[in-house]
Number of protein chains: 2
Amino acid sequence: MDRQLSQQWVYQFGEGDGTMKALLGGKGAGIADMTRAGLPVPPGFTITTAACNATIAANGAFPTGLWEQIKVALSEMEQQVGKRFGDPANPLLVSVRSGAMFSMPGMMDTILNLGLNPATCDGLTLLTDNPRFAQDAYRRFVQLFGKIVLGVEGSRFEAILDEFKGHGPAARADTDLDAEELATITQRFKAVIQAQTGTLFPDDPYEQLNLAVGAVFNSWNGKRARDYRRVNKISNDLGTAVNVQAMVFGNMGNDSATGVAFTRDPATGEAQIFGEYLINAQGEDVVAGIRTPQPLSTLARVMPDAYAEFADIAHRIEAYYHDMQDLEFTIERGTLWMLQTRTGKRTAPAALKIAVDMVAEGLIDPATAVRRIDPHQLDQLLHPVIDPEAKRTNKALASGLAASPGAASGIIVLHPDEAEQRAKAGEQVILVRNETAPEDFHGMAVAQAIVTARGGKTSHAAVVARGMGKPCVAGCGALSINEAEQTIKIGTTTLRVGDWLSVDGTTGEIFAGQMPTVEPELNADFTTLMAWADEFRTIGVRANADVPHDAKVAREFGAEGIGLCRTEHMFFEGNRIDAVREMIVADSVEARRAALAKIEPLQHADFVGLFEVMDGLPVTIRTLDPPLHEFLPHAGPEITLLAHKLKITPRALRAKIETLREANPMLGLRGCRLGIMFPEITEVQARAIFTAAAECQARGIVVKPEVMIPLVSTLEEFHLQAELVREIAAKVMAQTGQTIDYTVGTMIELPRAALTADEIATEAEFFSFGTNDLTQTTLGLSRDDSGQFLPLYVDQLKLYPADPFQTIDQRGVGQLVEIGIERGRKTRPSLKVGICGEHGGDPDSVAFFIRAGMDYVSCSPYRVPIAKLAAAQTALGELARDK
Amino acid sequence: MDRQLSQQWVYQFGEGDGTMKALLGGKGAGIADMTRAGLPVPPGFTITTAACNATIAANGAFPTGLWEQIKVALSEMEQQVGKRFGDPANPLLVSVRSGAMFSMPGMMDTILNLGLNPATCDGLTLLTDNPRFAQDAYRRFVQLFGKIVLGVEGSRFEAILDEFKGHGPAARADTDLDAEELATITQRFKAVIQAQTGTLFPDDPYEQLNLAVGAVFNSWNGKRARDYRRVNKISNDLGTAVNVQAMVFGNMGNDSATGVAFTRDPATGEAQIFGEYLINAQGEDVVAGIRTPQPLSTLARVMPDAYAEFADIAHRIEAYYHDMQDLEFTIERGTLWMLQTRTGKRTAPAALKIAVDMVAEGLIDPATAVRRIDPHQLDQLLHPVIDPEAKRTNKALASGLAASPGAASGIIVLHPDEAEQRAKAGEQVILVRNETAPEDFHGMAVAQAIVTARGGKTSHAAVVARGMGKPCVAGCGALSINEAEQTIKIGTTTLRVGDWLSVDGTTGEIFAGQMPTVEPELNADFTTLMAWADEFRTIGVRANADVPHDAKVAREFGAEGIGLCRTEHMFFEGNRIDAVREMIVADSVEARRAALAKIEPLQHADFVGLFEVMDGLPVTIRTLDPPLHEFLPHAGPEITLLAHKLKITPRALRAKIETLREANPMLGLRGCRLGIMFPEITEVQARAIFTAAAECQARGIVVKPEVMIPLVSTLEEFHLQAELVREIAAKVMAQTGQTIDYTVGTMIELPRAALTADEIATEAEFFSFGTNDLTQTTLGLSRDDSGQFLPLYVDQLKLYPADPFQTIDQRGVGQLVEIGIERGRKTRPSLKVGICGEHGGDPDSVAFFIRAGMDYVSCSPYRVPIAKLAAAQTALGELARDK
């Protein structure tokens, strides 16, 4: 008893501060901050989370002292506002809001206008001279209170409202109801509440408040809130705070107004106040768009005093928070009240400009500027976008998955060969397919953008498009392709091959016709920011690049090496695929060697190109990885053609293709298993790498090849392949007289490899985590097939906190990454560790990889700046983004 | 120096004993044991592994004292044998053999007849009066010594031999060469050796011995031996011992002989000596089969004294080892020498009889009897085998994988429907397919045996066949099927549908025609042994059974419950597959519910049947697991038929089938993902389980249902499904008034589930490890596709110590099992943990599961005795089998 009496359950706004989130909740701490900053915030108080916990522990009974403290706080509020709670002559009305430490769905909604009863409602009518306003406020209060506090089903109130408004096209809006009707509705509401709960609707404002606070406390233990906390691993012991705040009204006449504003232009970042307002209106009227709001600049003329005060506050508030703010304000009878301030949302260019400007203004330091940019948003700056103006008139036909950012237009083609022909003839094409396969590579390479009907954000089309920096919309369910008629149908629109199509890979939208795009501009602000990021970050950033062109882009974006070169991507260039197919179809080692002999000089040339571009930087080259089946044609005519080229019967070729067919190719004959079954493949690739390295080195280029063996699950597999690579390297070095500084390492992309990393590290000189495959195997989840249920899992049921192919699953896959690094380094303390999966360019994942102790991340060239920024933010100790 | 001088590097046979394997090697310790047992073993000595290590450490120089100790030991040997090393009058010849602690390929081969030179060779000729014998012995010695000790390529000697023997059909055998030719050949060998090594072939026997011992030591560090040790995790520090033993000869005249014998009949187990011998012959002559050996019983007449001594030794030796022995002996001029004794290999029935008899005889105790039976071998007792007599005349057409044991004959059918029709008509059929799918179930159920051209030991055909206890030969590469002509080709033989075929699933052999089989007989010995096993084992043994018939078999074999009932296997019974397909094709929840309404009563009846059979024992029922695609037809006519039944167009059906097609179905929409996408499926299954349980319980049957959610990767998934099951259970209990004691648990079959077992165990009441899927995901290895490279991996390259789908991969998958159990029990100490993958019936894996702390293993009904025996053996602390 004594302890409880001495405990402070209630804090006036401003009594606490922003550091007290655990006790006051997020909202309460924020309001405390604003109040302390001297802003004109409607007064009020916060009831602590401790009070909530004590009440729950006592089965709903308030702890000793709580109610008394609430009444004391309320009377202070009355003095500040000059109104009295329950006073018909000048009634104080309050809002009651829940506010836990973390914002949480399932918690109690806001109750507005608490304090109204027949007498105070009459008083409000007299004060405002607006019976409709008063009756509507009362109606809203009874409805909210009935539903939220007293637990009456909301539909019962809606039914009564509908009765008055009527149905169908003739139905009236809420705003069409007059004061008398509203009063009748409120009576009906009360009757329903009495029937349902067996008690009269409480008229005593103190009783209203007592019940409302209890209801907020109680909602902390509601099923939805508990479920949410379980899923999000939030402790049940935190409890929720309750905020009680004086109501203010912008609709009390022409000396009242309401508006929203930003302290700087949220679209461009320009340093001037930007906003809109409405005279004699409520906040929701501005949003509802029934009346057209005025630009804020005109307020200076209409209410000069209020405007001056607001402009001053806007500057002060920005200076206080050191960031651009999004403000809500109400002017009640000439008095300005700040209802909310929060960090303002802004476009990517605005974010960049504001951050760099604020450093120049001395408002923030470069570290803060770096923290302030959302790396996800940075993506917008690196790719063209469709002109927003054009989107207003030409609506999207459909949306698919935003699989690779950027926007482009082109004419529709359905086949990669046609794409190549038309592109050669100077046409811009967009390749539209059900899904893509490695054999479509040449068509993808020349297309402006790629659209697929199937597949997720990590499907073949998506991965390749991102690598090439091309827009891609994947998994567009509304798209169907009719090859026979050479048409496509998107939603209800049918288009022909040759028609123009526009694609926005940033949003996933697809448009008919040719839409204008806005090119990205990497201005001085961008360069400044990236230089700051480079200063702060502690992890290396490399790029995944397969061909010299991509490597060049990567280097321009500041990549510090190539973390993954997928040699097989080179297989599709020009007509070398024929030799590759010949190799696959070969029935003997000799025949395979003959085919490989044709491939070797081409691979040699590829590697020369890469080493030239990456002069002085490391280049990690992975030996052949994908299932051989992927390289073979599947359609009848192509099979016939290939059989002819290979001088075998189509029947024999079809049989060979059938032999190579796998039930689960992702878990089949691929990765190092290929090199173990057919050592001559690894041999030829190794020779191409080392002869290229020797040639370049002889020309004065600094080469740092790192040969990487994929899909290793045991030390033995690695040993066999690494030994072969080292043998070839020694031979080439002996032949050329060049001593090449190289390493042989492995991908860690199977759970077993991570679990036995201590063994594998006895021979592997570096690890690169292949988190795409590691995610697939750890979760038992095919990235190609998960599109059927992943949206349900992630968006609706929240069974995964995020798409595990975009953001690494820290609890599961992350454990294996940590285990792999720890065990690998235990055996070989100097082990270099990186990651080359899709997650390498995901900001949240980058933060995890840094904590896990990686030396570098590797991502697609266009994500290098994003990874760098994320790395800098992690190094700076926290991410600026709201979570 | 002092320390080394005082060290004992050499042990006379009998100076050490069987416990000194680390110092004397396995072979040396064994010989020591035999000598101590008083057997007439040719004398000799063992040079220790410590001497090997010291020599290696000194770069090949023998440690101080070693050579002197060897010479002392040799002179003791001379005294024992009555011959002298290098004495032309009566030369002592010795064999030199390596002998490490573990037997190891890549170590030095045996050198025989060391001590021969021109002088002693002449002496041998005089002594034996057999110049050819002496010259051949010399020739062999020079060849072996040249190759093994001096490192001359073996092919050089072969070439010279070939020169003398000639080529082609007219070529002579080694035995056709006469003494003179052999002498010439030996000269030629010496010349080659001199040319290759630059030194004369050593004539001094001491020099020969010195070099031979050094070569054995050196071979410990050879590449092949090092590779083998690395793969098998054998320390490089162990070193090898060297055994030097006096040569004895059974080919010194008619008072000499050589033979092999078992102390009991290895085929039947009958307690009488069983063996064969040859007069005036060498050991290899018995094996070579040029002369026909005589039954040992006749030796009593020919050499009564030697026979009496041998019979006495055989009894003593068996009594000494407490086990049936496989003996090799030589009689040199009337003196009996025991060359080898080792535990005798025996058939399964013999093993059983010997073990039970020996307990009766007081030779061993029941624990030893239980330890003594190889659980793998037990399998032979539980299934019919092809009459061994019949195999002599009718050779197998080809061999595939021994996928499910047992033997059967039947007429060939290619289609499950035809199998069903013919079986109904009373015919015995064998179903021959490229591979099987769930839709073939009805045909498999009526077949005597199943043969497939593709797929491994854990393919669908293999798993289903084992579950049903039917023979299956899978992945028979020599088999090709011609559906159009209704023929099959096996190797070079073409057979027609309707022809007889015989299948031995224990060996993998396939025979043309109808072969007689021998039925298994579970005699009193078997019952006795299983009772002993039940007494010793500490882990529960359940069975995987899907239908009442299998459950009945399981119970008869002593299963203590059902560890896995795959509800989907019931889907193929009768014509209920139509309703299942209707459910799958349904486009709305309503349509799906309508189809499910047809399935529910059938599933209810299934569960009633299971509960009846398993009265009093737990029954674990898994909710729907396989990809839906598996249930749909794929051939044109079947699609048309089904479309007609479902009243949709074939085109629409084909489109639906295409929609459900997955790139990697193993990682796709299956397991609990199905129940989460379509909760109505789980709902109906749960209702069928609980209404069946309630009905049975009302009739006095004791039901213990355990509902198991498959393929869970997060607690959230489990929570959703378990909550649904519990809701339905509560409803059924309320409706029926029956309180059912049930639990809801999960399969742990994804790495993520094992890694987050602590979370999952907050709600899951039991875990059952699905090690099939866990192996697939941990190793990134599809069991359906790995057949292409697994033989290379396991048999040739030893990249995995065993097929990971048969014997659990302890280093990788095993870690996840241990992590899962440890973390699960940390959250819920009472957590019941079992395993229901294929590994549940594998003896090595069972031992691991016991060590890992599991409560039970569950395997196919026919493997229950095997699992029980393995469990008893593990409990007894060691496995009796050689490793």
Side-chain angles (χ1 to χ4, degrees), chain A residues 227 230-231 233 435 455 627 659-671 673-674 676-677 711 713-717 719-720 749-756 759 773-774 776-786 788-789 792-793 797-800 809 811-816 819, chain B residues 227 230-231 233 435 627 659-671 673-674 676-677 711 713-717 719-720 749-756 759 762 773-774 776-786 788-789 792-793 797-800 809 811-816 819:
Chain A
D227 280 352
R230 190 167 40 72
V231 172
K233 320 271 178 258
E435 59 208 340
T659 311
L660 290 171
R661 186 179 60 83
E662 295 185 303
N664 294 284
M666 202 59 77
L667 308 176
L669 179 54
R670 52 170 291 230
R673 295 162 192 165
L674 290 169
I676 287 168
M677 280 284 276
L711 211 75
S713 69
T714 73
L715 168 62
E716 290 311 309
E717 290 177 309
H719 173 78
L720 275 186
E749 50 188 338
L750 294 176
R752 195 186 196 282
L755 291 166
T756 61
E759 291 177 10
D773 270 306
L774 194 59
Q776 293 197 102
T777 47
T778 306
L779 275 61
L781 196 64
S782 159
R783 64 181 191 184
D784 293 325
D785 303 312
S786 56
Q788 293 181 80
F789 53 92
L792 177 79
Y793 260 55
L797 298 177
K798 312 267 180 218
L799 293 176
Y800 297 131
D809 159 43
R811 273 294 289 139
V813 181
Q815 275 197 65
L816 288 174
I819 288 172
Chain B
D227 280 353
R230 191 167 38 74
V231 172
K233 321 267 176 263
E435 60 208 341
T659 311
L660 291 172
R661 186 178 62 83
E662 293 184 303
N664 295 286
M666 203 59 76
L667 308 176
L669 179 54
R670 52 170 292 229
R673 294 162 191 165
L674 288 169
I676 287 168
M677 281 283 278
L711 212 76
S713 68
T714 73
L715 167 62
E716 290 312 308
E717 289 177 311
H719 173 78
L720 275 184
E749 51 188 336
L750 295 176
R752 194 186 196 283
L755 291 165
T756 61
E759 291 177 10
T762 57
D773 271 308
L774 194 58
Q776 293 198 102
T777 46
T778 306
L779 274 61
L781 196 64
S782 158
R783 63 180 191 187
D784 293 324
D785 302 311
S786 56
Q788 293 180 81
F789 54 90
L792 177 79
Y793 260 56
L797 298 177
K798 313 269 180 215
L799 294 176
Y800 298 131
D809 159 43
R811 272 294 290 140
V813 181
Q815 275 196 65
L816 287 174
I819 288 172

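What you are looking at is a predicted structure, and each value in this text was computed from that prediction instead of being measured. Here is the naming used below: chain letters follow the sequence lines, and residue numbers restart at 1 for every chain.
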Student: Using non-hydrogen atoms and a 4.5 Å limit, figure out which bit of B:D773 sits close to chain A: side chain, backbone, both or neither.
Tutor: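 For B:D773, no heavy atom lies under 4.5 Å from chain A.
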
Student: So what's closer than 4.5 Å to chain A heavy atoms on B:I676: side chain, backbone, both or neither?
Tutor: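 Both parts, backbone and side chain.
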
Student: Could you tell me which of A:E759, A:R673, A:E662, A:M677 has the largest number of non-hydrogen atom pairs under 4.5 Å with chain B?
Tutor: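 The option with the most such pairs is A:R673.
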
Student: Kindly say whether B:M666 contributes a backbone atom to a donor-acceptor pair with the side chain of A:N664 at under 3.5 angstrom?
Tutor: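 Between the backbone of B:M666 and the side chain of A:N664 there is a qualifying donor-acceptor contact (under 3.5 Å).
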
Student: Given a strict heavy-atom distance threshold of 4.5 Å, which part of B:E749 is in contact with chain A: side chain, backbone, both, or neither?
Tutor: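 Neither part; nothing is under 4.5 Å.
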
Student: With a 4.5 angstrom heavy-atom cut-off, which part of A:E717 approaches chain B: side chain, backbone, both or neither?
Tutor: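 Both the backbone and the side chain of A:E717 come within 4.5 Å of chain B.
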
Student: Let me confirm one number: the OG1-CZ distance from A:T756 to B:R811, rounded to the nearest 0.5 Å.
Tutor: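 A:T756 atom OG1 to B:R811 atom CZ measures 6.0 Å (nearest 0.5 Å).
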
Student: Pick one of side chain, backbone, both or neither for B:L669, based on which atoms fall under 4.5 Å of a heavy atom in chain A.
Tutor: both

Student: Heavy atoms only, distances under 4.5 angstrom: which of B:A753, B:G812, B:A663, B:S713 has the most pairs with chain A? Name it, please.
Tutor: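 Answer, by heavy-atom pair count under 4.5 Å with chain A: B:A663.
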
Student: To the nearest 0.5 Å, what is the distance between CZ on B:R752 and CG on A:L779?
Tutor: 5.5 Å

Student: Let's test your reading of the structure: which of B:R661, B:E435, B:H719 forms the most heavy-atom pairs below 4.5 Å with chain A?
Tutor: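 Option with the greatest count: B:H719.
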
Student: Output the option from A:D809, A:V813, A:T714 having the highest count of non-hydrogen pairs under 4.5 Å with chain B.
Tutor: A:D809

Student: With only heavy atoms counted, which part of B:Q815 is less than 4.5 Å from chain A, the side chain, the backbone, both or neither?
Tutor: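 Looking at B:Q815, just its side chain touches chain A.
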
Student: Go through A:L816 and B:L755 one step at a time and tell me if the side-chain contact (heavy atoms from CB on, under 4.5 Å) criterion holds.
Tutor: CA-CA 9 Å; A:L816 288 174; B:L755 291 165; 3.5 Å; yes

Student: Hey, what do you get for CG (A:L711) to CG (B:L781), rounding to the nearest 0.5 Å?
Tutor: 9.0 Å

Student: Mind running side-chain contact (heavy atoms from CB on, under 4.5 Å) on A:L720 and B:L799 for me, showing each step along the way?
Tutor: CA-CA 9 Å; A:L720 275 186; B:L799 294 176; 3.9 Å; yes

Student: Among B:E716, B:Q776, B:K798, who wins on heavy-atom pairs under 4.5 Å with chain A?
Tutor: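 The candidate making the most pairs under 4.5 Å is B:E716.
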
Student: Could you pull out the closest heavy-atom pair between B:L750 and A:G780, with the gap in Å?
Tutor: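 So the two residues come closest at CD2-CA, 3.6 Å.
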
Student: Check each atom of A:L792 against the heavy atoms of chain B and say whether the ones under 4.5 Å are side chain, backbone, both or neither.
Tutor: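 Interface part for A:L792: side chain.
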
